[in-house]
Each structure stands twice: as C-alpha cells, then as structure tokens.
Amino acid sequence: MGTFVLPRRDLAAVPFLSLLRGFGHALMAAFIFFACFAFSDTSPYDIVAIPTIVLWVLLGVRLYRGAVPLVLVLLVFVGATVVALMPYLDEELPPVWTVQLCYLAVTGIFFTMFFSDESDRRVEAALKVYTASALFCAVLGIGGYLELIGNDKLFSMYGRASGTFQDPNVFGSFLTLGAFYLMHDLLTGRARRPLLSGLGLAILLAGVFLSFSRGSWGGTLAMGILLVVMLYRTSAPRLRRRIVLLAALTAGFGAVSLAGLLSVGDVGETFSKRAAVTQDYDEGETGRFGNQLRGIGMLIEDPLGMGPLRWRRTFNLEPHNSYIGAFSNGGWVAGVAFVFLVLMTSRVGFRLMSHDTPYRRHAQIVVPALLMFFLQAMQIDMEKWRHVYMMLGMVWGLEAARVRWLAGGEA
C-alpha cells in the first residue's frame, strides 16, 4: 500500500496552525492574568513568560517602525546598567537584579511586538484579562484586610491590604488599569452589564483605598480625571452630557463610600496616618528625602553611577525614586535614557489619546494608567514592576499600529 503525502499547497488547510495560535492566545491570557501574583521574585507570570514569548516569536510577531524608538531606548537603558554592573560581578545580588531588569525589558519589547498586530482586538482581550486579574487580587486584598480570608499577614501587611503582592503600594497601583477600563466603558455606554461593571469598579477602588498607598490614591485620582477630560474632549455633545452626569454620580458615590469605609474598624485611624504629606521614614538627614539630596550630589560627580543596588549599600535604604535609581544603578547614560523613555512615551501617549484613530479608545484607558506609574516613580522604585512593562508594550504597540494605519497598512 502506498503512503499518502499531503501536497504542500494543502498544508494551509491543516488546522494545526490555528490550534497553535489558539494555544498561544491562551498562554498570553495566562501570562497577563498571572501578573497579579507577586508573592516572591519568581511567580507564575515568569514561568509562563518564556513559553509564551518563544511560541509567539515562532508564530511571527514583528517589530514595526513605530515601536523602534522604545526598543532603542530600552537597549541603551539596560546596556548602560549592565556596563555599570561589571565591577560587582562577584557579588550575589547585583547580577541577579540586573538579569531581572534585562528580562523585564525583553518582556516589554515582546508586548510591543504582540500588540502591534491586530491591536484593537488584542488590547481589548488583554484589558479584559487584566481586569479579571485585578478583581481577583482586590477581593483577596479586601478580604485579607477585613480578616475574612486567611490570617492577618496572608493578603494584608502593615495594617494595609496587599492582596497577592509583597507591597501594598504595588497592590494599590496594580488595580488602577482595571478600574480605568471599567470606568471608560461605563462612561461611554459600552458596558454590557452596567451593574456588574459598576460593582467591579467599586471593588477595585475600595482595594486602592485600603492599600493606604498615597501614591496610588493620588495617581488614581489625578489620572482618572485625565481620563475623563480626554474622553470629554474627544466625544460628541450627546455623549459629553452622559460623561459629566456619570462622572458626577461616581464622585458622589465615591464620597459616600469613603465616609462609610472610614467608619469601619481602624480604617479611619490608618487613613489619618497615611494621609500625612510625609512619614517618619521620609524625614531627617538619613530619611528618604535626606538620602536623596546627599545621593544626587554624589551622582553628579560620578558619571558611571554607583552600580546596581549600590545605593542600598551606601544609605541602607532604597532610593524610593526610579529616576534617581536609574542614574545610581546605570550612571548618566542609563538615567538620561530612563528620563527620555518617560518623556517620549508621554508624548506618544497624549497623541494617541487625542487624535481620531481606531486606537484612541484603548489609549485613553492605558495611557493614564501608565502615566500614573511615571508620576509614582518620583516616590517609589517601580523599574522592576512587571505590569509597567506590559503597559509600555500596549502603548507602543498602539503607536506602531497607528503609524501603519496612517501609512495605509493593515493594523
């Protein structure tokens, strides 16, 4: 009996590639959902990362012209940090920290390439998964804070909700993108189940509040206002009335909810402590701000910086400022690259939010959340936060798609 051989021209009819792409999308969903698991330096997110990236590279993700600036600046930033590491290769922590930074930069480039194709559909799916992840994390954080789930250290710490994160500050900020997604859909009438979306938004905002993170509070409020303003400016008059009405109702509901939360247990006392402009660890010559002032003087005199994690060795405390940290870890070149990354991403983001393109809606959701992290970078070390690189990839993926759309190519 002869052997049957499928002709090459019929290979496209075989569903294998479709199945592989379906598996790739499932891996990608898991990759994004697992961003909420940050109990340790290695999480399910990192385990899924490698097979997801490898599979999509094989499936053909591409780097488009519109995303090249991000890649170049990330390479300069990481490359300068690697050079600054050289004198400290014999130490244990600096090499590990630098490898992790390189890995996160790779994920940022991968997300950019992935979201550059089929951008509208892929970003929408990613935001849905991210919002589900944020809700899962918020419920655990609120339950842990109220001592309804586990012990007092499982999903909360320092008397603050922390969910599946090691730091309440990261927990609070992580929830913001999901909150903005639900808020945008409610304001524009796109939410298929408004009551459920409203409940989800309330849960996420409650999680942000109970994180007692001043950066998360201020960032969510400021960038939430930016989202509403940009949406109002780019909407038709009829939709503008809806936006104003719902924004006013949300503000009123938020005020009532805040008053209710402040009456629960020790919430009011913790709020009054955390709402102070500065904390004990901020003040004094050896506090956060004192260290930053002394460190800036040292960095001005040293173009090569202190080296990765050397600030900690010098001041027995992290810089709590990603801009200063970039100059300290990688010298002037890395510091300037980081500042340039923030500035050019902000410029691209505002353009995406303003111009009438197929990508404006998603930009109005993602860009404010990313800008919040850029603001928070002034008072916390966020250069190792996984979801920040995911948002970078979303914004620059949308920018690459916009450039191709303007040129008449498919996006």
Worksheet item: Among F33, F174, F180, whose ring pair (Phe, Tyr, Trp, His ring centres under 6.0 Å) with Y130 holds?
Response: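 Among F33, F174, F180, the one that satisfies the ring pair (Phe, Tyr, Trp, His ring centres under 6.0 Å) with Y130 is F174.
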Worksheet item: Which residues pass the side chain to side chain donor-acceptor pair (under 3.5 Å) test with D167, sequence neighbours left out?
Response: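 Partners of D167 by the side chain to side chain donor-acceptor pair (under 3.5 Å) criterion, ordered by chain and then number, come out as N169.
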Item to complete: Please name all residues satisfying side chain to side chain donor-acceptor pair (under 3.5 Å) with R242, sequence neighbours left out, ordered by chain then number.
Response: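 With sequence neighbours excluded, R242 shows a side chain to side chain donor-acceptor pair (under 3.5 Å) to no residue whatsoever.
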Worksheet item: Is the charged tip of R160 near the ring of Y145: under 6.0 Å from the six-membered ring centre and within 45° of its axis?
Response: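 No - R160 does not lie over the ring of Y145 by the 6.0 Å and 45° rule.
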Discussion item. Whether R240 engages the ring of Y232 as a cation-pi pair (distance to the six-membered ring centre under 6.0 angstrom, angle to the ring normal within 45°) should be assessed.
Written reply: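 Yes; both conditions hold, so R240 lies above the ring face of Y232.
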Discussion item. Whether the side chain of W332 engages the backbone of G305 through a donor-acceptor N/O pair (distance < 3.5 Å, no angle test) should be reported.
Written reply: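 Between the backbone of G305 and the side chain of W332 there is no qualifying donor-acceptor contact (under 3.5 Å).
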Under a plain distance cut-off of 3.5 Å, with no hydrogens placed, do [Y] and [X] share a side-chain donor-acceptor pair?
X	Y	result
T345	W396	yes
T220	T176	yes
S216	S173	yes
Y64	R62	yes
T234	Q364	yes
H320	Q379	no

Worksheet item: In terms of side-chain geometry, is the basic nitrogen of D120 or R361 positioned less than 4.0 Å from the acidic oxygen of its partner?
Response: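 No, this pair does not count.
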Can the ring centroids of [X] and [Y] be said to lie less than 6.0 angstrom from one another?
X	Y	result
Y323	F338	yes
F31	Y45	yes
F373	W385	yes

Item to complete: Check whether more than 12 heavy atoms from other residues, nucleotides or ligands sit under 6.0 Å from atom CZ of R65, and answer yes or no.
Response: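 At most 12 heavy atoms, drawn from other residues, nucleotides or ligands, come within 6.0 Å of this atom.
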Item to complete: State, to 0.1 Å, how close S156 and A161 come at their nearest heavy-atom pair, and which atoms those are.
Response: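 That would be CB-CA, 4.1 Å.
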Worksheet item: In Å, rounded to the nearest 0.5 Å, how long is the span from CZ of F350 to CE of M230?
Response: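 Answer for the CZ-CE pair, F350 versus M230, is 6.5 Å.
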